[in-house]
Amino acid sequence: MTRKKKEGFKGQQAIVLPRNIQNACARDAATKQLYITDIGYYPKAELHHRKREEGAAEHILIYCQDGKGSITLKKKTYSIGPGDCFLLPRNQFHEYAADPEEPWTIYWVHFLGANADALFNTAVKTWKGNKTFIPFNAERIQLFNRIYRQLERGYRREHLAFANMNFWSFLTSCFYPDLYAANHNAPGTNVVDMAIDYMHQHIDQMLTLQQMSATLNLSQSHFSYLFKNGTGYSPIEYFNHLKVQQACQYLLFTTLRIKEIAIQLGIDDPYYFSRMFTKVMGLSPNQYRQKKVTP
């Protein structure tokens, strides 16, 4: 009998963008050509296994940093090792799994966009197949982490644009590794950034507008104006989005009950938490957990 992993992998990271955010990316002129729908990192992913009879709705890139695994596409099985990069086409049967003895450590991204098919075909033509070898490059990993951290900060339009524009560079580094030159630009720090940092640091609490504005030495009205003008969301609404994002992690990678997850986020009322989660994600917490929309 094949063992199945009920918990996640130690150190794992994953973000699944809500459907309405994906739709917004598909409409936005800055992101509609190429945008991320899911992104993550699985270190030493013991028992990791996925089989999709009809494939995924998005193209998938998997980059193996360490360990071993295998990927099956079009009835052909490929061995995957350190440095191997693989592209899976959307809407096609595939199956992949970590090696039971030396489970892989992988970085992965699901992506769509008006140019996604053309970029996929360009890579396959350049690589002469769906698989290629890419020597380890710390700058590439830093770029991936920069993209992930930006999405982790929430769905502010600037964050989505920054992450998805950098994703072009990440794909370029995989398609043409010999020509890749890293960019070390980093976003600046301002009132909005500091507020978001404060929210992350207190994700397990129910912050008030007064607490947020006080930590920045601003009036509530001025802080609200700056934050709404900078993100398109009120501070409380944005904070709730971050809480829901953290809740997705718990739902995907732990067996915590809904009530326990709510408590982890500083919410005493599990019904309030469920309503908030459903409003943001379009699914109830239980439906989201059952769907398991991760690679």
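Residue numbers count from 1 along this sequence. These values consider heavy atoms only, across backbone and side chains, with no hydrogens, waters or symmetry-generated copies.
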By the rule that ILVMFWY residues connect when side-chain heavy atoms come within less than 4.5 angstrom, directly or transitively, which residues belong alongside Phe133?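 None; Phe133 is a cluster of one.
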
Enter the distance from [X]:[atom1] to [Y]:[atom2] here, rounded to the nearest 0.5 Å.
| X | Y | atom1 | atom2 | value |
| --- | --- | --- | --- | --- |
| Ile62 | Ile80 | CD1 | CD1 | 8.0 Å |
| Ile196 | Thr231 | CD1 | OG1 | 7.0 Å |
| Lys228 | Ser234 | NZ | OG | 6.5 Å |
| Met199 | His241 | CE | NE2 | 11.0 Å |
| Glu95 | Lys51 | CD | NZ | 5.0 Å |
| Asn286 | Arg257 | CG | CZ | 12.0 Å |

Do [X] and [Y] land in one hydrophobic cluster if side-chain heavy atoms of ILVMFWY residues count as linked below 4.5 Å?
| X | Y | value |
| --- | --- | --- |
| Met165 | Phe162 | no |
| Phe253 | Ile263 | no |
| Met281 | Tyr271 | no |
| Tyr233 | Met212 | yes |

Taking the side chain as everything from C-beta on, heavy atoms only, tell me whether [X] gets closer than 4.5 Å to [Y].
| X | Y | answer |
| --- | --- | --- |
| Gln65 | Pro43 | no |
| Tyr78 | Lys76 | yes |
| Leu88 | Phe86 | yes |
| Leu34 | Leu112 | no |
| Ile60 | Leu87 | no |
| Ser274 | Ile258 | yes |
| Leu207 | Pro235 | no |
| Gln245 | Ile15 | yes |

Measure across [X] and [Y] and return the closest heavy-atom pair with its distance rounded to 0.1 Å.
| X | Y | answer |
| --- | --- | --- |
| Lys259 | Pro270 | CA-CB, 4.1 Å |
| Ala97 | His49 | CB-CD2, 3.7 Å |
| Gln220 | Ser213 | CG-OG, 3.4 Å |
| Asn91 | Ala57 | OD1-CA, 3.8 Å |
| Pro82 | Asp66 | CG-CA, 4.1 Å |
| Arg289 | Tyr250 | NH2-O, 3.4 Å |

I'd like to know if the side chain of Lys131 reaches the main chain of Ser79, judged simply by a donor and an acceptor atom lying under 3.5 Å from each other, with no hydrogens or angles considered.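 Side chain of Lys131 to backbone of Ser79, a donor-acceptor pair under 3.5 Å: yes, one is there.
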
I'd like to know if the side chain of Arg146 reaches the main chain of Asn166, judged simply by a donor and an acceptor atom lying under 3.5 Å from each other, with no hydrogens or angles considered.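 No.
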
Sequence neighbours left out, what passes side chain to side chain contact (heavy atoms under 4.5 Å, CB included) with Ile267? Give chain and number order.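 Residues passing side chain to side chain contact (heavy atoms under 4.5 Å, CB included) with Ile267: Met206, Lys243, Ala262, Leu265, Tyr272, Phe273, Met276.
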
For Leu218, give me all partners under side chain to side chain contact (heavy atoms under 4.5 Å, CB included), at least two apart in sequence or on another chain.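 Once residues adjacent in sequence are excluded, the partners of Leu218 under the side chain to side chain contact (heavy atoms under 4.5 Å, CB included) criterion are Val191, Leu216, His222, Phe223, Leu226.
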
In chain order, what residues pass the side-chain hydrogen bond (donor to acceptor under 3.5 Å, both in side chains) check against Arg149, with sequence neighbours excluded?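 By the side-chain hydrogen bond (donor to acceptor under 3.5 Å, both in side chains) rule, Arg149 matches Gln13, Glu152.
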
Are [Y] and [X] an aromatic pair, judged by ring center distance below 6.0 Å?
| X | Y | answer |
| --- | --- | --- |
| Tyr41 | Tyr148 | no |
| Tyr155 | His159 | no |
| Phe111 | Tyr35 | no |

Heavy atoms of other groups near [X] [atom1], more than 12 under 6.0 Å:
| X | atom1 | value |
| --- | --- | --- |
| Tyr225 | OH | no |
| Phe93 | CZ | yes |
| Asn229 | CG | yes |
| Gln210 | CD | no |

Full working for side chain to side chain contact (heavy atoms under 4.5 Å, CB included) between Asn115 and Trp168: CA-CA 11 Å; Asn115 279 355; Trp168 284 90; 3.7 Å; yes

Could you verify whether a donor N or O on one side chain and an acceptor N or O on the other, from His202 and Gln211, lie under 3.5 Å apart?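 Short answer, no.
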
Check: Thr72/Thr77 side-chain N/O donor and acceptor closer than 3.5 Å: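 Side-chain D/A pair, Thr72 to Thr77: present.
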
Under 3.5 Å, which donor-acceptor pairs link side chains of residues 16-28 to any protein atom two or more places apart or in another chain?
unit_1	atom_1	unit_2	atom_2	d
Arg19	NH1	Gln22	OE1	3.1
Gln22	NE2	Leu17	O	2.8
Asn23	ND2	Arg19	O	3.4
Asp28	OD1	Ala30	N	2.8
Asp28	OD1	Arg157	NH2	3.0
Asp28	OD2	Arg157	NE	2.7
Asp28	OD2	Arg157	NH2	3.3

Hey, what's the ring geometry for [X] with [Y], parallel, tilted or perpendicular (30° and 60° as the breaks)?
| X | Y | result |
| --- | --- | --- |
| Trp104 | Tyr96 | tilted |
| Tyr42 | His48 | perpendicular |
| Tyr63 | Tyr107 | tilted |

Are Cys64 and Thr105 close enough, and set up right, to give a side chain to side chain contact (heavy atoms under 4.5 Å, CB included), and what steps lead you there? CA-CA 6 Å; Cys64 179; Thr105 292; over 6 Å; no

Verdict with supporting geometry, Ser70 and Asp99, side chain to side chain contact (heavy atoms under 4.5 Å, CB included): CA-CA 7 Å; Ser70 63; Asp99 183 85; over 6 Å; no

Testing Phe144, Phe175, Trp108 one by one against Phe170 for a ring-ring contact (aromatic ring centres under 6.0 Å, His included), which residue passes?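 Result for ring-ring contact (aromatic ring centres under 6.0 Å, His included) with Phe170: Phe144.
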
Counting only pairs under 3.5 Å, give me each side-chain donor-acceptor contact of residues 118-127, with atom names and distances, residues two or more places apart or in other chains.
unit_1	atom_1	unit_2	atom_2	d
Asn121	ND2	Asp117	O	3.2
Thr122	OG1	Ala118	O	2.9
Thr126	OG1	Thr122	O	2.8

Kindly determine whether Asp204 and Gln264 satisfy side chain to side chain contact (heavy atoms under 4.5 Å, CB included), including the steps that lead there. CA-CA 6 Å; Asp204 60 343; Gln264 291 289 324; over 6 Å; no

Would you sort out whether Lys68 and Glu102 count as a salt bridge (charged side-chain N to carboxylate O under 4.0 Å, His left out), showing the intermediate values? CA-CA 6 Å; Lys68 300 177 182 178; Glu102 299 180 58; 3.4 Å; yes

